[in-house]
Protein chains: 2
Amino acid sequence: MSSSKQDAAAPLINAAPQPKPDPLAGTPCAACSVRDLSLCNVLREDEMEILSQIVTTVDVAPREPIIDEGEVAGSLFNVTGGAVKLYKLMPDGRRQITGFLFAGDFLGIALNDIYAYSAEAVNQVKLCRFPSTKLEDLLSQFPHMEKRLLGMASNELVQAQEHMLLLGRKSAKEKVCSFLLSLSRRAEKRGEQPSPISVPMSRADIGDYLGLTTETVSRTFTNLKRDGFIRLLEGGIVDIPDMEKLEELADGF
Amino acid sequence: MSSSKQDAAAPLINAAPQPKPDPLAGTPCAACSVRDLSLCNVLREDEMEILSQIVTTVDVAPREPIIDEGEVAGSLFNVTGGAVKLYKLMPDGRRQITGFLFAGDFLGIALNDIYAYSAEAVNQVKLCRFPSTKLEDLLSQFPHMEKRLLGMASNELVQAQEHMLLLGRKSAKEKVCSFLLSLSRRAEKRGEQPSPISVPMSRADIGDYLGLTTETVSRTFTNLKRDGFIRLLEGGIVDIPDMEKLEELADGF
DNA sequence: CGGGATCTTGAGGATGCTCAACGCTAGTGG
DNA sequence: CCACTAGCGTTGAGCATCCTCAAGATCCCG
């Protein structure tokens, strides 16, 4: 039997699971699986209701653009599924991927209302989209949401600094190990297992993230596999038998 | 007549430059030269007065530490003079400088109340210091200050991404040219000239910022000088005869 | 089953690093 | 007043890491 509205003659056995009508019913937020990871986790239910009024969900196919550097920043997004890559391009086509986003991550920080980077779907991606003008109104209403946003930005900044250390000072092997570790740790934060992890992005993407070529990434994976530090399974799944060993390799021991 | 309360017998000659007693008098904010660059520029005068109650000024000698990675984050700082370097260390001593700060820049973003990086004075530095607990109280009172902080964090994030592109994808020559350009642009924002710029940091610091060795930095400077793209003057002053040419070099043309 | 994209592997080479020496400047103490 | 030293910058020679170019293997989707 369903929990839908029923006439008074309904058998008592149905009475128990009958809370007040969910104000989020019909909005995408009702079934949101990453609410506790994202911007929204500081909101009370009545605040969620207001937020849910302005949100729309978007599906993006692999390799499709989400935002483009230089574009007017009209939207902010929360990733609710799939993987997104952020990148900057040089005039001659050289590319630096500045980050990968997964479920719960936030997207769309802009400067002077212009996006400072581009974003593209790695695999099938689900986003929830906030029009930036309307979200700003909300931020003024909910100061704790603004604090939350500042916290998320600070977190991104710390990650960025960690990545600069990687780009400027680590060897290819250390870079790849650090990359796998960060994927593992983030998967764990999302409630997944730390060890057989999904690596949905291509070797070329990994290279552009780590400041390496695809060939070097491929060779490094091969070496790590040969030495028993990782196992490459079907479908871009990587198994890490000894996490501590990988941590050592990531720091050059 | 001035708007200040004065008794009628006061000599007229004194009337003109006599505003109401400056509430900031005696506080370091009164003479602050970077107020329009910094966090405070969104505050009204009465709000400044409250802020000035919690601020203290600090002088730091060259090479002295300001904050240490891993330390409990008790303070936030605004740089009002001199240059500061932010850096992260690896266990074996490899260092990545993640940014240089100048007058007007903000320092002290932390994660879970732990500093995620270290900061050290490059030359003689002047800071104004806010105890973080007290500043947080203020942020709750002044939402526009919180917005301003978010804007500054966003700005840092954009700079960080630009630097990742540099570290991951640029050649030594492109890196050094980009570095000089960014110093020039930031000097201009501070109201200084864009061309003969002060470069107060050592070759080693520049190397750790650009992901190069001191030798490579030195060689690259020598080459740029030989080819007439820069001139090295006394006291770490660098002259850029042709800014557009340097911009081209920074992007690899 | 075919064909394009991705991944892997190899050979050779260039960029930037390591190690080393030397010059310059400033601070120190005899 | 000047030798001495420490720190910084510069220059050189040789080398390692990673890149480039190229070809073959594998995968995936139509």
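Residue numbering restarts at 1 for every chain, and letters A, B, ... go by the order of the sequence lines. Note that these values count all heavy atoms, side chains included, but never hydrogens, waters or copies made by symmetry.
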Please evaluate the base of C:dT9 for a donor-acceptor partner in the side chain of A:Arg226 within a cut-off of under 3.5 Å?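 Answer is no: no donor-acceptor pair is held.
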Using a heavy-atom cut-off of 4.0 Å across all strands, would you classify A:Gly207 as base, sugar-phosphate, or nothing?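 No contact.
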Tell me what A:Ser218 touches on the nucleic acid: a base, only sugar-phosphate, or nothing, going by heavy atoms under 4.0 Å.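 Here A:Ser218 touches the bases of the nucleic acid.
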Are B:Arg186 and B:Phe102 in a cation-pi contact, defined as NZ or CZ under 6.0 Å from the six-membered ring centre and within 45° of the axis?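 Judged by the rule, B:Arg186 and B:Phe102 form no cation-pi pair.
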Among C:dG10, C:dG16, C:dT8, which nucleotide sits nearest the side chain of B:Leu212?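 Of C:dG10, C:dG16, C:dT8, C:dG16 is nearest to the side chain of B:Leu212.
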Tell me whether the count of non-hydrogen atoms from other residues, nucleotides or ligands lying under 6.0 Å of CZ in B:Arg63 goes above 12.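 Count not over threshold, so no.
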Around atom CZ of B:Arg190, are there more than 12 heavy atoms from other residues, nucleotides or ligands closer than 6.0 Å?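 It does: B:Arg190 CZ has more than 12 such atoms within range.
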Span of DNA chain D in contact with chain B (heavy atoms, under 4.0 Å):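 Terminal contacting nucleotides, 5' to 3': D:dC8 to D:dA13.
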Hey, which sits more toward the 5' end of DNA chain D by its nearest nucleotide, B:Thr216 or B:Arg63?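 The residue whose closest nucleotide sits nearer the 5' end is B:Arg63.
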Ionic contact status for A:Arg185 with A:Glu188, cut-off 4.0 Å: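 The answer is no: the pair does not qualify as a salt bridge.
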Using only side-chain N and O atoms of A:Thr222, determine if any of them is under 4.0 Å from OP1 or OP2 of C:dT9.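 Looking at the OP1 and OP2 atoms of C:dT9, one of them is under 4.0 Å from a side-chain N or O of A:Thr222.
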Contacting residues from residues 163-176 of chain A, given that a heavy atom lies under 4.0 angstrom of DNA chain D: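 Heavy-atom cutoff 4.0 Å gives A:Ser171, A:Ala172.
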Using side-chain contact (heavy atoms from CB on, under 4.5 Å) as the criterion, point out the one residue from B:His163, B:Arg95, B:Lys85 that pairs with B:Tyr209.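 Of the listed options, the one satisfying the test is B:His163.
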